[in-house]
*Asks:* 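Below you will find the structure I want to go over with you.
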Amino acid sequence: MIAANDKPKFYLTTPIYYANSRPHVGSAYTTIVCDVIARYKRMCGYEVAYLTGTDEHGVNIERAAEKQGIGPAELVDRNQKIFLELWKLLGIQYTHFIRTTETRHARAVQNLVRRTLYRDRERGAGQKAIYKAKYEGRYCIYDNLYVSDSPEPADCPTCGRPGELVSEENYFFRLSAFQERLQELYAKNPQFVVPDFRFNEVKSFVDAGLRDISISRKSIKWGIPWPEDPEHVFYVWYDALTSYISGIGFVDGEHDGPDFKFWPADIHAMGKEIIRFHAVYWPAFLMAAGVALPKQIVAHGWLLFEQEKMSKSKGNVAYPEPIVRVLGNDALRYYLLREVVFGHDGNFSRDALLTRYNADLANGLGNLASRVLTMIQNYCGGTIPASTAGESPESKYLFPAPADQARNSAIRAYEDFNFSAAVGAAWELVSVADRYLVETKPWELAENSEKRRSMNTVLSHAVGALHFALVLAHPVIPEATQRIWEQLGQPGKIADQRIDRLQWGGLKPGTRIGKPEGVFPRMDKKEASERIETMENEIRNPGSTQPASAPAPATGGAAPAAASAPGAKIGIEDFAKIELRVGIVKSAEKVAGADKLLKVMVDIGEEVRQIVAGIATAYTPEELVGRKLVIVANLAPRKLRGVESNGMIVAASVGPEGRPVLCTFTEDVPAGAKLK
Ligand code: MSP
């Protein structure tokens with residue numbers, strides 16, 4: 001459809017994020033992917049609406065707040081701000097943001113159900129989409145999933161935790177009545193869910209027959225009240241899915257805001273574990289209410305950390321902020337889109353991130369840009385040179401063919417959500433340009449005045465290739481490409497370029513370039529990694545600024561909060577939370593690639609624990625064996641340089657360098673004895 005400004009419109013959404021904790025790299029992934037799609041679509045001439053938001057109701061929010069001794073409203077306010085700040089830091093150009101605690105959203109949810117109830121009046125008894133019945137079954141509060149319809153114990157298929165027993169009268173949605181209509185929808189829209197293999201899972205699920213689902217809860221307070229029956233609140237998924245329409249102005253289907261013109265959504269993007277809610281429940285809810293259906297569900301895999309889904313509850317998360325602060329926003333975006341094959345699970349590794357940064361960004365695009373700009377500055381008087389027909393020196397690279405090919409491949413790949421290939425196409429052009437320069441040696445041509453035109457032609461081709469690579473890579477690395485764009489003396493925003501109309505020769509000869517400045521400084525991998533790790537530890541344990549690999553006695557977790565405020569007093573109940581035990585070292589060895597870390601196996605009576613400690617500058621592995629130590633036994637496990645640490649070794653921190661001196665005993669004490 002054509003929007004008022006004559007541009008075709010495009011609407012895409014991220015899932016709305018649970019506001020029970022801060023986002024990690026895994027949760028930022030969906031948002032970054034959608035930002036890339038949104039930027040790409042804008043560069044193809046679309047008016048794009050991009051919705052994201054926060055999912056703020058439900059038991060998991062209620063409980064997380066309770067744990068922190070605050071109300072749920074305070075918790076979600078606090079976390080929602082962290083999301084907003086992160087999206088700003090990552091340069092996310094969303095156009096709409098929705099919180100499920102907003103009044104406009106609650107009204108939309110209630111109205112969607114009212115529309116359904118209104119239509120139910122026309123449906124015969126036993127046919128109504130919504131009915132009341134007793135529910136008894138198991139429910140996962142973390143994934144908000146009805147795990148089983150029987151009171152027997154059952155574990156959540158997504159996270160593996162035991163489902164909680166729910167037994168109450170609920171409003172039910174007659175999902176079973178929508179099986180055929182859903183099957184028809186899938187048959188008519190062969191691309192309704194991508195990738196294909198995920199669509200097949202959805203179809204099999206529906207073909208196997210659908211069970212009605214409970215869409216209200218009585219035992220919960222923190223939710224949207226059911227219209228005219230406020231003892232019930234909405235099941236969080238009915239509430240959350242409706243954000244896709246409330247966020248762009250849905251009121252009741254009759255009095256909607258102007259941005260509701262964007263509905264139906266072109267794309268709902270998400271991780272693989274929540275496809276069923278989007279491809280089965282959501283279309284059925286909309287059908288029942290007589291609202292148009294979204295066009296496509298696009299699912300990605302998980303970001304794994306050590307082969308497990310990155311997730312805060314497992315403690316295996318990387319946070320985006322430290323990466324952005326050390327390497328820049330583009331580095332994280334580039335790494336995630338290049339390294340992860342979209343649709344499949346992908347491993348996150350800091351080492352691979354730094355390798356990619358140096359190889360592809362610093363030595364690849366960054367280096368090509370500064371070489372080309374410097375040569376234009378030095379050999380062409382700082383203006384973009386023109387090429388002359390017949391003046392190309394011998395080369396196997398015949399421009400503009402490689403550039404046209406890169407554009408065609410990148411566009412095809414962006415359209416197929418194959419971001420890795422889209423970026424790969426731009427980078428293939430970067431390496432062709434590099435090889436072309438090595439072959440044609442413009443620096444040698446520059447020394448011979450008769451070869452001036454050849455040199456201009458070479459540099460004109462090289463800068464032309466750079467121009468193409470910048471435009472093609474812009475949706476993924478928006479900041480650096482804009483900066484190089486300006487250094488090329490180009491007016492306006494590179495974002496305003498049409499990627500689908502990208503033509504060779506777009507840089508006007510004679511344009512004065514700006515000052516060449518590096519955009520991706522090369523990084524010392526070890527140092528950058530340590531800086532990132534230090535900042536991550538600070539996020540995990542606010543107040544502890546101790547890098548894990550510094551010569552510190554403590555590893556495996558932060559010192560108690562009181563230590564961050566010297567002199568502050570804690571109560572005995574705080575001290576009692578820390579479990580200190582005697583341990584005896586069974587073996588110790590260095591941690592590969594970390595000068596300061598030792599992996600120590602410590603007998604603490606009932607088990608032998610693996611602890612990673614920053615004591616290698618003061619102790620050799622051999623002298624530790626047999627030694628008695630004091631360890632903090634109840635710290636949550638964490639990984640240091642990829643090695644799991646289950647506890648912390650206590651030591652004094654001596655002198656300005658903080659030399660670790662281990663705590664020990666002069667009298668005989670058995671392993672595992674508690675310290676009080
Ligand atoms: N609140 C629901 C969505 C409601 S949408 C109507 C929810 N929230 S979530 O915070 O748990 O997840 C939001 C998104 O983050 C999902 O797309 C999910 O797949 C994604 N990710 C969370 N952890 C992830 C990884 N480790 N890797 C990749 N994406 C992951 O579900």
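Please read all numbers here as calculations on a predicted model, not as lab measurements. Note that ligands are numbered from 1 as they come in the structure, with each ligand's atoms numbered from 1 the same way. Atoms considered below: every heavy atom in the structure, side chains included; atoms not considered: hydrogens, waters and symmetry mates.
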*Asks:* Considering the options Phe419, Tyr357, Phe348, which one meets the ring pair (Phe, Tyr, Trp, His ring centres under 6.0 Å) requirement together with Tyr335?
*Replies:* Phe348
*Asks:* Checking side-chain contact (heavy atoms from CB on, under 4.5 Å) between Val423 and each of Glu339, Arg338, Arg333, which is the one that passes?
*Replies:* Arg338
*Asks:* Given the ring of Phe205, does Arg276 sit roughly above its face, with NZ or CZ under 6.0 Å from the centre of the six-membered ring and within 45° of the axis?
*Replies:* yes
*Asks:* Are any of the N or O atoms of Gly271 closer than 3.5 Å to those of ligand 1?
*Replies:* yes
*Asks:* Does OH belonging to Tyr118 count more than 12 external heavy atoms closer than 6.0 Å?
*Replies:* no
*Asks:* Could you list the atoms of ligand 1 found under 4.0 angstrom from a heavy atom of His300?
*Replies:* 28 (C), 29 (N)
*Asks:* Are any of the heavy atoms in Gly301 under 4.0 Å away from ligand 1?
*Replies:* yes
*Asks:* Short N/O distance, under 3.5 Å, between Gly26 and ligand 1?
*Replies:* yes
*Asks:* Could you pull out the closest heavy-atom pair between Phe342 and Ala299, with the gap in Å?
*Replies:* CE2-O, 3.9 Å
*Asks:* Run the numbers for me: atoms of ligand 1, each under 4.0 Å from some heavy atom of Met270, listed by number.
*Replies:* 17 (O)
*Asks:* Counting heavy atoms only, which part of His24 comes closer than 4.0 Å to ligand 1: side chain, backbone, both or neither?
*Replies:* side chain
*Asks:* With a 4.0 Å cut-off, would you call Asp266 and Lys9 a salt bridge?
*Replies:* no
*Asks:* Are any of the side-chain nitrogens in Glu47 or Lys261 under 4.0 Å away from the carboxylate oxygens of its partner?
*Replies:* yes
*Asks:* Go through ligand 1 atom by atom and flag the ones less than 4.0 Å from a non-hydrogen atom of Asp55.
*Replies:* 1 (N), 2 (C), 4 (C)
*Asks:* Give a yes or no on whether Arg325 atom CZ has more than 12 heavy-atom contacts from other residues, nucleotides or ligands under 6.0 Å away.
*Replies:* no
*Asks:* Classify the contact between Tyr244 and ligand 1 as side chain, backbone, both or neither, using a heavy-atom distance cut-off of under 4.0 Å.
*Replies:* side chain
*Asks:* Are any of the N/O atoms on Ile16, whether in the backbone or the side chain, positioned under 3.5 angstrom from an N/O atom of ligand 1?
*Replies:* yes
*Asks:* Answer with yes or no after comparing the ring centroid distance for Phe178 and Phe173 against a 6.0 Å cut-off, counting only values under it.
*Replies:* yes
*Asks:* Looking only at distance, does Glu273 have an N or O less than 3.5 Å from an N or O of ligand 1?
*Replies:* yes
*Asks:* Which residue and non-hydrogen atom of the protein lie closest to atom 15 (O) of ligand 1, and at what distance in Å?
*Replies:* Tyr17 CE2, 3.5 Å
*Asks:* Checking a contact table here: which protein heavy atom is nearest atom 26 (N) of ligand 1, and how many Å away?
*Replies:* Met310 O, 3.0 Å
*Asks:* Judged by non-hydrogen atoms, does Trp237 sit under 4.0 Å from ligand 1?
*Replies:* yes
*Asks:* Within ligand 1, which atoms have a heavy atom of Pro15 less than 4.0 Å away?
*Replies:* 3 (C), 5 (S), 14 (C), 16 (C), 17 (O)
*Asks:* Would you please name every residue forming a side-chain hydrogen bond (donor to acceptor under 3.5 Å, both in side chains) with Gln110, sequence neighbours left out?
*Replies:* none
*Asks:* Before signing off on this row, confirm whether Tyr18 and ligand 1 have an N or O atom pair separated by under 3.5 Å.
*Replies:* yes
*Asks:* For ligand 1, is there an N or O atom under 3.5 Å from any N or O atom of Ala240?
*Replies:* no
*Asks:* Check whether NZ of the Lys or CZ of the Arg Arg39 lies under 6.0 Å from the centre of the six-membered ring of Tyr50 and within 45 degrees of that ring's axis.
*Replies:* no
*Asks:* What part of Thr30 sits under 4.0 Å from ligand 1 if we count only heavy atoms: the side chain, the backbone, both or neither?
*Replies:* side chain
*Asks:* Sequence neighbours left out, what passes ring pair (Phe, Tyr, Trp, His ring centres under 6.0 Å) with His232? Give chain and number order.
*Replies:* Tyr171
*Asks:* Which heavy atom of the protein is the closest neighbour of atom 27 (N) of ligand 1, given with residue, atom name and distance?
*Replies:* Leu303 N, 2.7 Å
*Asks:* Closer than 4.0 Å to some heavy atom of Leu241 - which atoms of ligand 1 meet that?
*Replies:* 6 (C)
